[in-house]
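Notes follow once the structure below has been shown.
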Amino acid sequence: MKRNLWIFIGILFFVVCLVVATPAWVVRDVLVNQQPAMALGNVSGRVWRGELDVVQYQGITLGGIRWTLNPLGFFSGVPLAIAVSEPVRGDGDVGIGSGNTLQLRNVNIEGELARLLNAMNFPSMGFDGGISLFLEEAEINAGGCLSVTGTISLNALSGDIDGVGSIAPVTASLRCENKRIVLDVDENNAAKVRGVVRISVSGQINGQLLLTPAAGTPLFASLTQFMGRPANGKDFVLRL
């Protein structure tokens, strides 16, 4: 019995030493093999804790990435605790599932709208503001999403249109439909913004938003100027 215990302790010690000593580029090679669509930059550190200067995946570029290996995360499929600093600030748990599926859990992100849109190669059109994202879970592969549960909030909005700041805050729940991420916009906001927006893996956006700002407000006047007076006198329709 004692002999078996010492053998187990010896194996455990060897594994710990191996993890501590193994260079971080091993993680990079594993990710590249598992996710060919993912482009990775330079790495430093060790397997258990390291840094990546840049990652490109699904049209999004992230920088200043740090990871820490969480052995208990192997049981839930997300063994890496990740922190990102560019173009948004965030952290979460990441893993690679069957079929080269990228798995995300408990992801929290804060950032600026314009910087995020630029990173996704979308024009900001002069708009900016604060955004926050929480992903309870998500599974994504090269074809798009397999599952998504979370929320995204536009906490503030600015631009060259009078009254545009009154639109925020706006919150939308996230889900997956036919491999597209779907935003269901909650109308509980000052301008009564509501609707559904769908985003494909290639970055194509379609959907419809309705805005119902109070008559006589600067936002109502601005929308009337750009979109014309609404047919029913109150609901502005924005088709994407």
Original post:
So, E139 and T101: side-chain donor and acceptor under 3.5 Å apart, yes or no?
Top reply: no
Original post:
Do T212 and D235 have side-chain N/O donor and acceptor atoms under 3.5 Å apart?
Top reply: yes
**OP:** Compare every heavy atom of S166 with every heavy atom of A190, then report the nearest pair and how far apart it is.
**Re:** CB-O, 3.7 Å
**OP:** For T171 and I152, run side-chain contact (heavy atoms from CB on, under 4.5 Å): C-alpha distance rounded to whole Å, both residues' side-chain angles, the deciding distance at 0.1 Å, then the answer.
**Re:** CA-CA 6 Å; T171 300; I152 186 169; over 6 Å; no
**OP:** May I ask you to say whether R198 pairs ionically with E177, meaning some side-chain N is under 4.0 Å from a carboxylate O?
**Re:** yes
Original post:
Does the side-chain contact (heavy atoms from CB on, under 4.5 Å) test come out yes or no for S132 and N155, once each step is laid out?
Top reply: CA-CA 7 Å; S132 58; N155 303 313; 3.3 Å; yes
Subject >> From T68 atom OG1 to L80 atom CG, the distance as rounded to the nearest 0.5 Å >> reply: 9.0 Å
**OP:** Verify side-chain contact (heavy atoms from CB on, under 4.5 Å) between L135 and R105, making sure each step is shown before the conclusion.
**Re:** CA-CA 7 Å; L135 286 178; R105 300 287 187 278; over 6 Å; no
Subject >> Heavy-atom pair with the smallest gap, counting every atom of G195 and L209 >> reply: CA-CD2, 4.1 Å
**OP:** Would you confirm whether T224, through its side chain, and G228, through its main-chain N or O, come within 3.5 Å as a donor-acceptor pair?
**Re:** no
Original post:
Do any N or O atoms from the side chain of R194 and from the backbone of K192 form a donor-acceptor pair under 3.5 angstrom?
Top reply: yes
Original post:
What about V107 and V182, same hydrophobic cluster or not, with Ile/Leu/Val/Met/Phe/Trp/Tyr joined at side-chain heavy-atom distances under 4.5 Å?
Top reply: no
Original post:
Does the side chain of R175 reach to within under 4.5 Å of the side chain of R180, using non-hydrogen atoms?
Top reply: no
Original post:
How many angstroms lie between atom CD of E86 and atom CD1 of I65, to the nearest 0.5 angstrom?
Top reply: 10.5 Å
Original post:
Strictly by modelled atom types, are S173 and T151 linked by a side-chain donor-acceptor pair under 3.5 Å?
Top reply: no
Original post:
For the residue pair G95 and V78, what are the closest heavy atoms and their distance?
Top reply: N-CG1, 3.8 Å
Subject >> Spacing of CG belonging to L183 relative to CG belonging to L174, to within rounding of 0.5 Å >> reply: 5.0 Å
Original post:
Between C176 and S147, what is the shortest heavy-atom contact and its length?
Top reply: CB-CA, 3.8 Å
**OP:** With the side chain counted from C-beta on, respond yes when D91 and V84 share a heavy-atom pair under 4.5 Å apart, and no when they do not.
**Re:** no
**OP:** May I ask you to check whether over 12 heavy atoms, not counting those of N232, lie within 6.0 Å of atom CG?
**Re:** yes
Subject >> Nearest-0.5 Å distance, CG of residue L210 to NZ of residue K234 >> reply: 10.5 Å
Original post:
Does the side-chain contact (heavy atoms from CB on, under 4.5 Å) test come out yes or no for L240 and V197, once each step is laid out?
Top reply: CA-CA 8 Å; L240 304 173; V197 178; 3.7 Å; yes
Original post:
Which atoms form the tightest heavy-atom contact between F236 and P213, and what is the distance?
Top reply: CD1-CD, 3.9 Å
Original post:
With side chains defined as the heavy atoms from C-beta onward, is the minimum distance between V94 and L102 less than 4.5 Å?
Top reply: yes
**OP:** Report yes if the side chains of V237 and Q208 come closer than 4.5 Å at any heavy-atom pair, otherwise no.
**Re:** yes
Original post:
Less than 4.5 Å apart, any side-chain heavy atom of D93 and any of L104?
Top reply: no
**OP:** Give a yes or no on whether L133 and V196 share a hydrophobic cluster (residues Ile, Leu, Val, Met, Phe, Trp, Tyr; joining criterion: side-chain heavy atoms under 4.5 Å apart).
**Re:** no
Original post:
Do F134 and I109 have side-chain heavy atoms sitting under 4.5 Å apart?
Top reply: no
Original post:
Just by distance, do the side chain of N189 and the backbone of V170 share a donor-acceptor pair under 3.5 Å?
Top reply: no
Subject >> CG on D128 to CG on L157, rounded to 0.5 Å >> reply: 8.5 Å
**OP:** Decide if atom CG of D186 counts as having more than 12 heavy atoms of other residues, nucleotides or ligands within a radius under 6.0 Å.
**Re:** yes
Original post:
What is the distance from atom CG of D162 to atom CG of L219, rounded to the nearest 0.5 Å?
Top reply: 9.5 Å
